[in-house]
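Every chain is numbered from 1 and lettered A, B, ... according to where its sequence line falls, protein lines coming before strand lines.
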There are 4 protein chains.
Amino acid sequence: MSRAARRKLELRREIIDAAFECFAEKGYHATGIADIAARLGIGHGTFYRYFTNKRDIVEHVITDLIERIIGTLAAENAPDAVHTLEDYRAQTVRIGDALAQVFGEDPRVPRMLLLEAPGIDKEMGARILEFFELATSLTATYVAHGVQDGYLPDDLDVDNTARAINGMILGSVLAALSDPTLDERRLRTAIQRVMYDGIAGRS
Amino acid sequence: MSRAARRKLELRREIIDAAFECFAEKGYHATGIADIAARLGIGHGTFYRYFTNKRDIVEHVITDLIERIIGTLAAENAPDAVHTLEDYRAQTVRIGDALAQVFGEDPRVPRMLLLEAPGIDKEMGARILEFFELATSLTATYVAHGVQDGYLPDDLDVDNTARAINGMILGSVLAALSDPTLDERRLRTAIQRVMYDGIAGRS
Amino acid sequence: MSRAARRKLELRREIIDAAFECFAEKGYHATGIADIAARLGIGHGTFYRYFTNKRDIVEHVITDLIERIIGTLAAENAPDAVHTLEDYRAQTVRIGDALAQVFGEDPRVPRMLLLEAPGIDKEMGARILEFFELATSLTATYVAHGVQDGYLPDDLDVDNTARAINGMILGSVLAALSDPTLDERRLRTAIQRVMYDGIAGRS
Amino acid sequence: MSRAARRKLELRREIIDAAFECFAEKGYHATGIADIAARLGIGHGTFYRYFTNKRDIVEHVITDLIERIIGTLAAENAPDAVHTLEDYRAQTVRIGDALAQVFGEDPRVPRMLLLEAPGIDKEMGARILEFFELATSLTATYVAHGVQDGYLPDDLDVDNTARAINGMILGSVLAALSDPTLDERRLRTAIQRVMYDGIAGRS
DNA sequence: GATGAATGAGGCTTCATTCAT
DNA sequence: CATGAATGAAGCCTCATTCAT
């Protein structure tokens with residue numbers, strides 16, 4: 001790959017990042033192409049050499065975020081890597097840590113994904129919902145494996161249980177967004193207790 | 001109250017409703033004051049006799065929705081009305097039914113509240129997060145009462161458990177939004193099973 | 001005249017006065033019909049029962065002001081009442097006093113006439129210029145009489161001298177508007193000295 | 001300076017000129033940004049690349065006019081260049097000629113400055129009054145110098161005499177505006193006669 | 001006769017996008 | 001290739017005026 005081509009890719013990357021920052025900080029509609037270009041010190045005409053549209057760039061921003069999150073989840077874990085409830089629980093903790101990493105490190109990530117993106121337009125709203133569904137089906141894979149492997153009850157409603165679990169995760173992300181001083185570790189612990197013992201059971 | 005004053009209040013109500021419909025269907029930014037006025041067959045100047053702003057009307061739309069939801073929850077239930085786990089569980093079902101009613105009856109309600117509103121601007125985003133917090137603290141009241149009354153374990157992390165529960169509710173609302181054909185009853189059942197038995201229990 | 005008819009005339013008068021106050025204080029374009037009505041505590045629909053137009057009312061306001069000024073000048077003086085330079089000079093002082101009265105008593109009068117009115121539209125600008133011309137021709141009558149009676153030199157350029165005199169009056173009104181603390185008496189004295197001795201002559 | 005930068009300055013200049021023409025011909029309030037742009041054959045969006053506001057452009061138009069006038073006056077004359085009444089009188093004539101040049105060449109200049117500008121808003125009204133004061137203090141400098149040099153009487157009320165003189169100038173400008181066919185030379189002669197002999201002198 | 005609710009023309013301003021340099 | 005000047009569609013909002021009550 002030529003030097004020029006590499007530079008081009010690099011700038012493309014920088015534009016996506018700058019756009020993400022602008023959108024997350026000022027909101028999609030309040031951000032102008034000029035703002036994004038200004039943040040990089042490039043002319044705003046240049047922007048259009050890399051992206052066709054304002055809509056185009058936000059698409060890439062979101063795609064990027066989603067891929068990064070899915071990647072994080074897929075990286076360290078696999079549904080079929082565990083075979084006992086004990087191991088599963090440990091895996092749950094690891095996944096929770098990974099998610100906390102992604103969402104907690106930079107609050108602009110959940111802000112963009114959960115607050116800004118859904119309202120951009122119908123299509124983007126649908127994409128975010130699809131992302132939730134994807135996450136749910138990912139979770140469902142784990143649950144289904146547990147049922148199949150026998151360490152989870154076989155009358156468990158796999159999909160809906162996955163929805164419940166993902167809801168708790170979503171809730172924790174939003175709670176952290178509401179209150180940045182929140183003790184996330186305790187929240188994660190509480191979620192896991194609900195997951196494994198229900199609210200009424202002994203810890 | 002004079003006839004004119006009544007008519008005025010009525011039109012005000014109609015504008016709020018029309019605005020809600022427009023915002024939920026086309027999105028806040030894609031909706032013009034003219035769209036709202038056209039839906040009612042009134043001049044767009046008339047709109048400004050009732051609301052000062054586009055921002056003003058969406059504020060009222062959201063306030064209205066939130067009040068309706070809070071009202072629904074407050075209407076039928078009370079944290080201190082139950083004294084056994086069995087009763088609590090029944091109460092949970094009732095609250096779940098009420099919520100399903102509010103959110104399920106008209107999908108534009110959750111769409112507006114969860115997808116459109118947060119991205120309108122920073123302030124509105126904050127309002128929605130506050131609404132989540134309010135819902136959480138409402139749930140926490142129930143959980144706390146259970147702990148105090150002894151039918152829930154006294155080492156339960158009340159606030160965070162409430163966050164987990166509310167997350168599951170939020171997740172179910174979003175799931176219903178994603179897939180309108182979803183069997184919500186089964187989802188609610190699954191959530192309650194997680195709540196009371198955890199994912200691993202009651203095999 | 002019936003009681004109702006009298007009341008009607010009275011309200012008409014009040015509307016003109018209120019309009020004058022609004023226009024002079026906020027400016028013609030910044031004043032709404034609603035402002036005028038509000039100042040009187042009447043409905044703004046009522047306004048249109050007395051005047052056909054926003055333009056109509058300002059026409060009346062200006063006409064009123066001009067008539068008042070012309071009236072003041074005409075009241076106490078007459079060109080042919082004096083026959084010596086000494087008497088003429090005294091008459092000049094009286095006229096100056098009368099003008100100072102009209103313009104000085106309420107600064108909104110010159111503000112309306114000199115600052116607001118000319119910019120309302122072409123026609124009103126023309127009216128104000130005509131008013132200046134009228135004032136000039138009035139002054140010219142005095143000067144002409146002085147020439148005819150022999151107490152002013154017969155090679156005096158009557159019209160242009162009248163223009164010069166009126167210019168000084170106009171200047172003094174504007175000076176007073178600029179600086180309300182200005183000692184107008186001294187200014188009037190200075191003007192009369194220029195009038196009678198020129199700037200180089202002995203006082 | 002690059003070619004583009006020069007073109008930019010040029011267009012800026014053209015916009016100011018076009019705005020001046022529009023404001024002077026149709027009036028400030030009756031002129032839309034679209035009118036100004038149309039006169040130049042540019043898009044109205046372009047206007048906003050050069051000026052932030054309708055208010056902004058009129059500010060520049062007025063500043064321009066005032067600076068041009070002040071410049072003209074300052075260019076050819078100096079208070080301390082003369083030392084006899086005779087010379088002073090000649091200087092007066094020169095200044096009068098210069099003013100006649102500025103105001104007489106294009107009647108839109110006095111129309112804009114005296115009729116349109118004062119009514120734009122309070123602030124602009126104040127600016128015009130300040131301009132009169134500035135002109136007065138300029139005149140006062142000349143008069144004061146005459147007193148100091150001894151060719152004008154030392155009991156002359158310098159400031160107020162300057163006001164009187166400026167009033168005559170203002171009056172002559174307005175007279176020329178009223179009646180374009182007016183013989184300005186005769187008017188100027190009449191003003192100078194008043195200035196140096198008073199109305200009664202030199203019979 | 002008085003009222004004020006309704007109206008919509010009209011004007012300002014923004015900003016995504018294009019394109020000549 | 002990068003730039004930023006130019007553009008005009010689009011949308012918000014005001015307010016003079018009308019007219020039914």
Considering only residues two or more places apart or on different chains, which pairs with a residue in residues 108-122 of chain D satisfy side-chain hydrogen bond (donor to acceptor under 3.5 Å, both in side chains)?
D:Glu25-D:Arg108, D:Arg55-D:Asp121, D:Asp106-D:Arg108

Rounded distance (Å) that lies between atom P of E:dG4 and atom CZ of B:Arg3:
18 Å

Is A:Ile16 close to A:Tyr50 at the side-chain level, that is, under 4.5 Å between some pair of heavy atoms?
no

Kindly state each residue pair satisfying salt bridge (Lys or Arg N to Asp or Glu O under 4.0 Å) with at least one member in residues 61-70 of chain A, sequence neighbours excluded.
A:Arg13-A:Asp64

A:His44: partners by ring pair (Phe, Tyr, Trp, His ring centres under 6.0 Å), with sequence neighbours left out
none

What pairs with A:Lys26 under side-chain hydrogen bond (donor to acceptor under 3.5 Å, both in side chains), at least two apart in sequence or on another chain?
A:Asp35

Applying side-chain hydrogen bond (donor to acceptor under 3.5 Å, both in side chains), can you list everything that pairs with C:His60, at least two apart in sequence or on another chain?
C:Arg12, C:Asp56

Can you list the residues that meet the side-chain contact (heavy atoms from CB on, under 4.5 Å) rule with A:Ala4, with sequence neighbours excluded?
A:Ser2

Length of the line joining A:Asp56:CG and E:dA16:C1', which is rounded to integer Å
13 Å

For A:Glu10, salt bridge (Lys or Arg N to Asp or Glu O under 4.0 Å) partners two or more places apart
A:Arg7

Going 5' to 3' through nucleotides 13-21 of chain F and flagging B where a protein heavy-atom sits under 4.0 Å of the base, S where only the sugar-phosphate is that close, and - otherwise, we get BB-SBB---

Going by side-chain contact (heavy atoms from CB on, under 4.5 Å), name the residues that satisfy it together with C:Arg3, two or more places apart in sequence or in a different chain.
C:Arg6

DNA chain E: stems of at least 3 consecutive Watson-Crick or G-U pairs whose donor-acceptor distances fall under 3.5 Å:
E:2-21 with F:2-21

Taking atom P of E:dA5 as reference, at what distance in whole Å does atom CD1 of B:Ile42 sit?
14 Å

Only counting residues at least two apart or in another chain, list the ones meeting side-chain hydrogen bond (donor to acceptor under 3.5 Å, both in side chains) with B:Thr46.
none

For DNA chain E, which residues in residues 8-22 of chain C have a heavy atom at a distance below 4.0 Å?
C:Lys8

Need one value for D:Phe51: base, sugar-phosphate or nothing, where a base atom within 4.0 Å counts as base even if backbone is also close, heavy atoms only.
nothing

